[in-house]
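A quick write-up on the structure given underneath.
Below, chain A is the first sequence line, B the second, and so on; all start at residue 1.
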Number of protein chains: 2
Amino acid sequence: MPLDAKTLCLGALEAGFDTGYDIRKAFEDGPFQHFQSLSYGSIYPALNALLVEGLATCDVRNGDGRRDKKIYAITDSGRAALKAALMEPLAADQLRSDTMFAMAFVHLMTRDQVKRILDEYARANRRLGEELGRLLRDRMCEHPGHQFLLRLGEDGSEMWARCIEALRDDLVAALDDTREAPEAAPTGGAAAMTARDAPETREPGSGSRPGPDPHHPRDPR
Amino acid sequence: MPLDAKTLCLGALEAGFDTGYDIRKAFEDGPFQHFQSLSYGSIYPALNALLVEGLATCDVRNGDGRRDKKIYAITDSGRAALKAALMEPLAADQLRSDTMFAMAFVHLMTRDQVKRILDEYARANRRLGEELGRLLRDRMCEHPGHQFLLRLGEDGSEMWARCIEALRDDLVAALDDTREAPEAAPTGGAAAMTARDAPETREPGSGSRPGPDPHHPRDPR
DNA sequence: CTAACCATGTAAGTAGTTACATGATTCT
DNA sequence: AGAATCATGTAACTACTTACATGGTTAG
């Protein structure tokens with residue numbers, strides 16, 4: 001079973017996000033953005049439930065004039081509950097990618113449309129990677145867990161973008177072939193194969209392909 | 001807006017899955033498994049809606065003795081509707097990874113638990129990659145779109161697994177450091193406390209991360 | 001002989017999201 | 001002046017999932 005809103009909020013509190021507003025930001029632009037999502041409508045009720053169950057406490061700060069601010073904090077039993085939730089088997093990842101689904105129907109699109117979609121998609125992934133990287137470096141992250149999270153987000157996004165770009169050209173080429181030369185083309189051939197091989201052949205070093213190469217000049221300091 | 005159940009079914013029909021049962025398999029074990037999910041409760045109503053709207057037709061096969069089988073087929077206007085859906089801006093990918101979220105709280109876990117979770121996670125991803133690869137090769141896929149989908153799924157999963165493995169060892173090492181060298185903690189609450197401390201103690205000099213080679217020996221093979 | 005597979009469907013439940021209501025403050 | 005940010009909360013809605021109901025067929 002996937003982690004529910006309460007557990008997610010507990011985690012956010014443990015991570016140092018201490019108001020409803022702040023928690024939402026953690027899931028919107030913060031360290032969790034790539035891996036979970038949660039909106040106000042889930043957060044505030046969850047927070048109240050945590051209070052009732054004694055898993056969190058709340059300290060109301062009078063914000064002179066502006067709306068009162070509720071500072072939440074996780075309790076020991078809250079931390080125990082979080083721990084317990086992490087102990088039991090974690091649900092498998094769930095991905096939903098309309099773009100990838102759409103790619104199953106390239107035959108209904110123009111070459112240019114396919115190219116545009118894929119370019120945009122790769123760019124979006126790269127942007128995400130950069131944002132996570134910035135997050136990692138800007139507020140220099142003490143926390144090994146957070147570092148891990150952000151690095152993986154960064155590396156994963158970057159690599160996914162490279163994958164897309166690597167196979168994009170093959171796809172577009174194949175499209176041209178099947179459309180312009182519906183019969184003859186043996187195709188797929190060279191370009192496709194080289195890209196294809198990379199992942200499984202444990203080639204020594206030659207392949208410049210989409211291989212995992214998270215070697216960004218990560219701040220060797 | 002994400003693609004709805006109707007559009008997803010339309011796509012499955014276009015891809016050649018022609019019964020409700022078959023469509024579910026396409027999302028469960030088939031080419032879409034990695035990118036979308038859909039269950040009976042959505043599929044059958046969607047299929048009926050498509051019939052009503054003239055986007056699909058249905059041919060009832062009498063399965064002597066066994067339950068009748070309904071063979072669906074996409075119509076021209078169905079194909080047009082699918083095409084139209086793919087034309088308008090596609091929703092961004094949405095990932096939900098409880099495992100990655102959990103990694104933000106490694107300080108609440110034992111070293112071995114972290115290792116176990118990560119190993120299992122990497123293995124699961126690798127399995128998925130292999131399954132998609134098998135799918136790609138077994139029923140040799142004519143279709144450029146399907147090929148693209150399966151290849152990306154395969155490569156992506158494999159690479160993600162590698163990423164995990166590459167950063168896993170660093171994480172575990174960092175964990176050992178911060179835990180084993182807590183400045184002379186009196187330790188009232190045993191292991192839990194020492195683990196707890198890590199995040200806020202802004203460790204002064206040392207830095208758990210030795211500068212050189214922050215990650216992945218990167219496949220020195 | 002039992003488990004898994006084939007095959008369709010529905011009703012009830014779930015867990016969320018969206019949009020709204022409210023309002024001060026700070027940036028452009 | 002207007003937009004964005006800070007800040008909390010709720011009610012209505014939505015779109016799906018789960019579990020059930022049904023039952024023949026095939027493989028171990």
Does some side-chain heavy atom of B:R116 sit less than 4.5 Å from a side-chain heavy atom of B:E120?
yes
To the nearest Å, how far apart are B:L50 CG and C:dG9 P?
13 Å
Answer yes or no: does a side-chain N or O of B:K70 lie under 4.0 Å from OP1 or OP2 of C:dT8?
no
Tabulate protein N/O versus nucleotide N/O from nucleotides 22-24 of chain D, keeping only pairs under 3.5 Å, one per line.
from   : atom 1 : to    : atom 2 : distance (Å)
D:dT22 : O2     : B:R67 : NH2    : 3.2

Between CZ of A:R61 and C1' of D:dT8 the distance, given in whole Å, is 16 Å
In whole angstroms, the gap separating C1' of D:dT18 from CD1 of B:I43 amounts to 14 Å
Distance only, no hydrogens: is a donor on one side chain within 3.5 Å (strictly under) of an acceptor on the other, for A:H34 and A:E131?
no
What is the distance, to the nearest angstrom, from the CD1 atom on B:I71 to the C1' atom on C:dC6?
12 Å
Protein-nucleotide distance (A:D98, atom CG; D:dA15, atom P), rounded to Å
14 Å
Could you pull out the closest heavy-atom pair between B:G20 and B:Y40, with the gap in Å?
O-CE2, 4.3 Å
Measure the distance from CG on A:L47 to P on D:dT10 and round it to the nearest whole Å.
12 Å
Rounded to whole Å, please give me the gap between CG in B:N48 and C1' in C:dT10.
11 Å
Check whether any side-chain heavy atom of B:L150 lies under 4.5 Å from a side-chain heavy atom of B:R137, and answer yes or no.
no
The correct set of residues in residues 10-29 of chain B placing a heavy atom under 4.0 Å from DNA chain C is B:T19, B:G20, B:Y21
Quick one, B:D170 with B:L167, criterion side-chain contact (heavy atoms from CB on, under 4.5 Å). Give me CA distance, side-chain angles, the key distance, then yes/no.
CA-CA 5 Å; B:D170 288 349; B:L167 293 190; 4.2 Å; yes
Quick one: on DNA chain D, does A:K69 or A:P45 contact a more 5' nucleotide (nearest heavy atom)?
A:K69
Go through the structure and list residues passing ring-ring contact (aromatic ring centres under 6.0 Å, His included) with B:F101, not counting sequence neighbours.
A:F32, B:F105
Is it true that A:E165 and A:R126 have a side-chain N and a carboxylate O under 4.0 angstrom from each other?
yes
Show each protein N/O and nucleotides 14-17 of chain C N/O combination with a separation under 3.5 Å, one pair to a line.
from   : atom 1 : to    : atom 2 : distance (Å)
C:dT17 : OP2    : A:S39 : N      : 3.3
C:dT17 : OP2    : A:S39 : OG     : 2.6
C:dT17 : OP2    : A:S42 : OG     : 2.7
C:dT17 : O5'    : A:S39 : OG     : 3.3

Does A:T75 use its side chain to pair, donor to acceptor, with the backbone of A:G54 at less than 3.5 Å?
yes
Which parts of residues 78-88 of chain B get close to DNA chain C, meaning a heavy atom less than 4.0 angstrom away?
none
Distance-only polar pair, side chains of A:Q36 and B:D98, donor-acceptor under 3.5 Å
yes
Expressed as a whole number of angstroms, how long is the span from B:M1:CE to D:dC16:C1'?
16 Å
Any heavy-atom pair between the side chains of B:I74 and B:L55 that's under 4.5 Å?
no
How close do A:D93 and B:S97 get, heavy atom to heavy atom, and via which atoms?
OD1-OG, 2.8 Å
Among all residues two or more places apart in sequence or in another chain, which pass the side chain to side chain contact (heavy atoms under 4.5 Å, CB included) test with B:A124?
B:R127
Would you call B:D22-B:R24 a salt bridge at under 4.0 Å N-O?
no
Salt bridge flag under 4.0 Å for residues A:R168 and A:D119
yes
